[in-house]
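Each remark here refers to the structure printed beneath this line.
Just so it is clear, the structure is predicted and the values come from calculations on it, not from any experiment. A, B, ... follow the sequence lines: proteins, then strands. Residue 1 opens every chain.
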Amino acid sequence: MKQALAKLLEQAIGQLQRDGVLPADASATIKLENTRDRAHGDLATNLAMALGKAAKCKPRELAALIIEAIPDNGVISKVEIAGPGFINFFLAQDARNAVIADILHAGPRYGANDDGAGERIQVEFVSANPTGPLHIGHGRGAALGDCICRLFELNGWQVTREFYYNDAGQQINNLALSVQSRCKGLGPGDPGWPVDGYRGDYIAEVAEAYMAGRTIDAEDQHVVGAADPEDIESIRHFAVAWLRREQDVDLQAFGVAFDVYTLESSLYETGQVEQTVQQLVDSGHCYERDDALWLRSTDFGDDKDRVMRKSAGGYTYFVPDVAYHVDKWQRGFKRVINEQGADHHSTITRVRAGLQALELGIPAGWPEYVLHQMVTVMRGGEEVKISKRAGSYVTLRDLIDEVGQDATRYFLAARAPSSQLVFDIDLAISRSNDNPVYYIQYAHARVCSVMDKLAQDGLQYNREQGLANLALLSNDNEKALVKRLGQYGEMVGKACRECEPHLVANYLRELAGEFHSFYNNHKVIIDDTALRNARLSLSLAVRQILHNGLDLLGVSAPEKM
RNA sequence: GCGCCCGUAGCUCAGCUGGAUAGAGUAGUGGCUUCCGAAGCCAUUGGUCGCAGGUUCGAAUCCUGCCGGGCGCGCCA
């Protein structure tokens, strides 16, 4: 609809240029925006104001000329010049109503498009260290990452969801030592407890299972506890496997599944880390100093050079990170998005610098990043400090159990990633009925309920008649709904381009609100068959979009509540 | 000190590739169910868009400088 109008305006501008009203080189991007106020029509453009100077005439006068130059068409029903020179377009109702038929025909696939042209894209998200259960911050990453994936899929991309396990660093040593101490009956604070040991109760659970010789059976791993408190390698292996399984269970409960899991340790085993280091050395961007190997990352915009190999031996964490991204590149992903917490912000420059230094033809801005800000958890009016070492934090599993998967996912995805998020557990639990997600789901259930009532009354929905009588939808509530439905496709495209799932949440709230308003003002099941079927068509289109949108967020669309 | 993010109604947040009287939820007040689900609707109260300059027909939105909050700034990951 918008595109059709933009094309008409383009033709109008071309006409005015031929007529000499506008200089041939005058140009302005044609910007059409959805109006906020219905009195301003459906779409408005500031074209006349933008071109006023070039045409050397007043914006309102130019607006009149533009309007005159617009070719005849079936899209526009009325045009007005308003304010300083806005051109307001009122769309023909027939043209607007067409969206209802489109939605009903496309069903669950409505909104899908070809923007991605089937290109492959990889989204890495969550990527929690296997040193403890997932907390609410990981939950935000999971909710956002998964929604972003769903958006890309809808927009025609072939998406790979990937999880990267840092299972090879110092923190894993701490984990192994912590479990070992528990195996020996030590607790946090006891003499001999590791300085940076993990204090949470789950460490004791891991130790107990290890000593009991329990088996961890998961998709890609089968590990048996060796029950030997002196075998630190065995403990490490068991603990990582245990915690990975725990995280998988949490993610499953959250409705998030990954296609590929990559272990940092595997990059060492395959020699990819060594190979990357060698290539970096060969590239001439490295140097030795103070017994350490450095990357001259300042050549690529970093504010200081970075150590690659420590003087005591061993690589710093970003070296396997670079090797990992080389691997992603070699797997053929022209686009890679890493969704992570903003506290990892500093790694971006470093990883990109390493990739540039390799001179593999990787673009400077590759990979892309979506960073989400911290989640603050409130409980009993007080902030709950999240500290893995202190063992006091809110796990994702707790949240799902208490708040429910739907509400948790909605809350965590409904805010812009760049904004800090306050998650008030008391509010989410005790006032769960006021939760916005129920408001949206309720609208969906209401349409289902209308359909039930229709059947109870011995009536049937006649789609053909409904679509043939859409012109009967003429009240403000109906018009508002039709207009909103018409914006779904545009919204979905923007949410994907900007990697901002919260746009979906906002849209759904608006749509649900407008439906509730319509529902309260007008009966759907009425004697007038033509109008009844038209309203049913509208309601079913609304239900479909609510369903599709909730699906993008990973939230269910219940038929009854 | 440097880098990134944020500062909009009592609270939680949208709006930010400049547009027409600044929006929603929640909290407060007052209404609406012999009629498809009141988990709803309608009305109303509430804002110097952190502050000060600048850019222009027009700034919550762009630029600069301050102030306030968060996160980073390691031969940790």
What pairs with [X] under ring-ring contact (aromatic ring centres under 6.0 Å, His included), at least two apart in sequence or on another chain?
X        : result
A/Phe86  : none
A/Tyr410 : none
A/Phe411 : A/Phe423
A/His547 : A/His444

Check your understanding: What salt bridge (charged side-chain N to carboxylate O under 4.0 Å, His left out) pairs are there with at least one residue in residues 516-533 of chain A, not counting sequence neighbours?
Key -> none
Practice item. Under 3.5 Å for both distances, Watson-Crick or G-U wobble, that's the pair rule; now give the dot-bracket for RNA chain B, with | marking pairs to another strand and [ ] for crossing ones. Key: (((((((..((((.....[...)))).(((((.......))))).....(((((..]....))))))))))))....
Check your understanding: Using a cut-off of less than 4.0 Å, is there contact between a side-chain N or O of A/Tyr439 and OP1 or OP2 of B/rC41?
Key ->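 Indeed, a polar side-chain atom of A/Tyr439 lies that close.
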Practice item. Examine B/rC5: is either OP1 or OP2 under 4.0 Å from a nitrogen or oxygen in the side chain of A/Ser418? Give yes or no. Key: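 No.
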Revision key, fill the gap. Letter by letter from the 5' end, nucleotides 14-20 of chain B scores (B base, S sugar-phosphate only, - none; protein heavy atoms under 4.0 Å) SS--SBB
Point to revise | Euclidean distance, atom CG of residue A/Asp305 to atom P of B/rC75 [Å, nearest integer] | key: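 Checked: the CG to P distance equals 11 Å.
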Mind listing the side-chain donor-acceptor pairs of residues 308-315 of chain A below 3.5 Å, one per line with the distance, residues two or more places apart or on another chain?
| unit_1 | atom_1 | unit_2 | atom_2 | d |
| --- | --- | --- | --- | --- |
| A/Tyr315 | OH | A/Glu274 | OE1 | 3.4 |
| A/Tyr315 | OH | A/Glu274 | OE2 | 2.7 |

Exercise for review: Return the set of residues passing side chain to side chain donor-acceptor pair (under 3.5 Å) with A/His345 (not counting sequence neighbours), or none when no residue passes.
Suggested key: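 Expected list: none.
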Check your understanding: B/rA39 base to A/Tyr442 side chain: any donor-acceptor pair below 3.5 Å?
Key -> no
**Study point:** Check: B/rG72 base within 3.5 Å donor-acceptor of A/Ser346 side chain
**Key:**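 Not at all, since no donor on one side and acceptor on the other fall under 3.5 Å apart.
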Point to revise | Near-strand residues of residues 516-531 of chain A, defined as heavy-atom separation under 4.0 angstrom from RNA chain B | key: A/His516, A/Ser517, A/Tyr519, A/Asn520, A/His522, A/Lys523, A/Val524, A/Ile525
Check your understanding: For A/Arg296, what residues pass the side chain to side chain contact (heavy atoms under 4.5 Å, CB included) criterion, not counting sequence neighbours?
Key ->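 Counting only residues at least two positions away or on another chain, A/Arg296 forms a side chain to side chain contact (heavy atoms under 4.5 Å, CB included) with A/Tyr287, A/Thr298, A/Asp299, A/Asp305.
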Only distances under 3.5 Å count here; give the side-chain donor-acceptor pairs of residues 485-494 of chain A to other protein atoms, sequence neighbours excluded, each with its distance to 0.1 Å.
| unit_1 | atom_1 | unit_2 | atom_2 | d |
| --- | --- | --- | --- | --- |
| A/Glu490 | OE1 | A/Lys2 | NZ | 3.4 |
| A/Glu490 | OE2 | A/Lys2 | NZ | 2.6 |

